[in-house]
Amino acid sequence: MNMSMDEMSIMVYRLVSMVPEGRVCTYSDLARALGKPKAYRLVGKILNRNPNPVVVPCHRVVRSDGRVGGYMHGYEAKRRLLEGEGIRIDGKGMIVDFDSVRFRLDKINR
DNA sequence: CGATTGACCGCTA
DNA sequence: TTAGCGGCCAATC
């Protein structure tokens, strides 16, 4: 299935806004949820255009290796936001207890 | 048209 | 255990 950025964007924003406070999901998870498991780089590109920061918590999207990853307003901002939600991050940018704070999108339908 | 580009991923050495 | 590299997708140059 061919999808435009606009279509993908809608879905990505929808999915991201379902991630609860204090939890995270990965770029790869989002790509999978789109039905395009290998489009994880596009997901980053979409989030970079930052939709509506208030409604869409882009900072809760992290890398699949457990590191924090990039952010439009810089790594520091992202780290503070996550820590403010109770997520702990070590000196190497690794999320502590990554597996337990990870929110599984595949548990959602629609 | 072909080449390059992103808030990345996973496999090799 | 960490570093490097090729690859994937749609847009943009």
Side-chain angles (χ1 to χ4, degrees):
Chain A
M1 274 292 281
N2 258 358
M3 274 182 98
S4 70
M5 285 296 263
D6 289 335
E7 301 174 283
M8 293 182 87
S9 302
I10 303 293
M11 298 182 66
V12 168
Y13 302 152
R14 249 181 101 84
L15 291 165
V16 174
S17 53
M18 296 179 183
V19 179
E21 193 178 307
R23 310 292 299 281
V24 299
C25 73
T26 74
Y27 298 94
S28 188
D29 290 340
L30 291 172
R32 252 197 313 280
L34 294 180
K36 292 187 173 297
K38 295 170 191 165
Y40 34 69
R41 301 188 80 180
L42 281 188
V43 173
K45 190 169 252 188
I46 287 169
L47 293 177
N48 180 36
R49 299 194 186 259
N50 208 350
N52 185 338
V54 181
V55 183
V56 182
C58 335
H59 62 280
R60 296 186 191 139
V61 184
V62 303
R63 297 176 53 124
S64 60
D65 60 5
R67 292 187 348 222
V68 171
Y71 191 57
M72 185 179 192
H73 306 298
Y75 169 77
E76 277 304 304
K78 186 169 184 177
R79 185 177 65 69
R80 277 197 298 273
L81 284 167
L82 290 172
E83 288 184 329
E85 299 185 355
I87 294 174
R88 324 219 320 275
I89 297 162
D90 73 13
K92 300 167 216 131
M94 281 294 231
I95 297 177
V96 180
D97 295 329
F98 178 50
D99 285 328
S100 48
V101 296
R102 188 168 180 180
F103 181 73
R104 312 222 174 239
L105 292 170
D106 46 305
K107 293 176 56 179
I108 311 176
N109 29 33
R110 270 140 75 44

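First the proteins, then the strands, lettered A, B, ... as listed; each starts at 1. Because the structure is predicted, anything quoted here is derived from the model rather than measured.
Rounded to whole angstrom, the span from the CZ atom of A:R67 across to the P atom of C:dT2 amounts to 11 Å. Rounded to whole angstrom, the span from the OH atom of A:Y13 across to the C1' atom of B:dA7 amounts to 12 Å. Here the P atom of nucleotide C:dA10 and the CE atom of A:M1 are 11 Å apart, to the nearest Å. Rounded to an integer number of Å, the gap from A:L47 CG to B:dT5 P is 21 Å. Distance A:N48 CG to C:dA10 C1': 15 Å, rounded to the nearest Å. Taking atom NZ of A:K45 as the reference point, atom P of B:dT5 lies 10 Å away to the nearest angstrom.
Nearest-nucleotide positions on DNA chain C place A:K38 closer to the 5' end than the other of A:K38 and A:D6.
As judged by a 4.0 angstrom heavy-atom cut-off over every strand, A:M5 is placed among residues touching the sugar-phosphate backbone only.
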Which atoms of nucleotides 8-10 of chain B (N or O only) lie under 3.5 Å from a protein N or O atom, and what are those distances?
unit_1: B:dC8; atom_1: OP1; unit_2: A:R63; atom_2: NH1; d: 3.2
unit_1: B:dC8; atom_1: N4; unit_2: A:R41; atom_2: NH2; d: 3.3
unit_1: B:dC9; atom_1: OP1; unit_2: A:S64; atom_2: N; d: 3.0
unit_1: B:dC9; atom_1: OP1; unit_2: A:S64; atom_2: OG; d: 3.2
unit_1: B:dC9; atom_1: OP2; unit_2: A:S64; atom_2: N; d: 3.2
unit_1: B:dC9; atom_1: O5'; unit_2: A:S64; atom_2: OG; d: 3.4
unit_1: B:dG10; atom_1: OP2; unit_2: A:S64; atom_2: OG; d: 3.0

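Proximity of a side-chain donor or acceptor of A:R88 to a complementary backbone N or O of A:V96 within less than 3.5 Å is not detected. Checked by atom type and distance alone, the side chain of A:K78 never pairs as donor or acceptor with a backbone atom of A:H73 at under 3.5 Å. Proximity of a side-chain donor or acceptor of A:K36 to a complementary backbone N or O of A:M1 within less than 3.5 Å is detected. Using a distance-only test at 3.5 Å, with no hydrogens or angles considered, a donor-acceptor pair links the side chain of A:D90 to the main chain of A:G93.
Side-chain atoms of A:K78 lie closest to B:dA7 of the nucleotides B:dA7, B:dT5, C:dC9.
Hydrophobic clustering (ILVMFWY, side-chain heavy atoms < 4.5 Å, transitive): A:L42 and A:L15 are in one cluster. Cluster annotation: A:M11 is connected to A:Y27 through the hydrophobic network of ILVMFWY side chains, with a link wherever side-chain heavy atoms come within less than 4.5 Å.
On the C1' atoms, B:dA7 is 22 Å away from C:dT2, given to the nearest whole Å. Comparing the P positions of C:dA3 and B:dG6 gives an interatomic distance of 23 Å, to the nearest angstrom.
Inspection of the A:T26 and A:D29 side chains reveals an N or O donor paired with an N or O acceptor under 3.5 Å.
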Decide yes or no on side-chain contact (heavy atoms from CB on, under 4.5 Å) for A:V24 and A:F98, but give the supporting numbers first.
CA-CA 8 Å; A:V24 299; A:F98 178 50; 4.0 Å; yes
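Side-chain N/O atoms of A:R49 include one lying less than 4.0 angstrom from OP1 or OP2 on C:dT12.
A side chain to side chain contact (heavy atoms under 4.5 Å, CB included) with A:E85 is found for one member of A:R80, A:R23, A:H59 and no other, namely A:H59.
Where DNA chain C pairs in unbroken runs of 3 or more (Watson-Crick or G-U, both distances under 3.5 Å), the stems are B:2-6 with C:9-13, B:8-13 with C:2-7.
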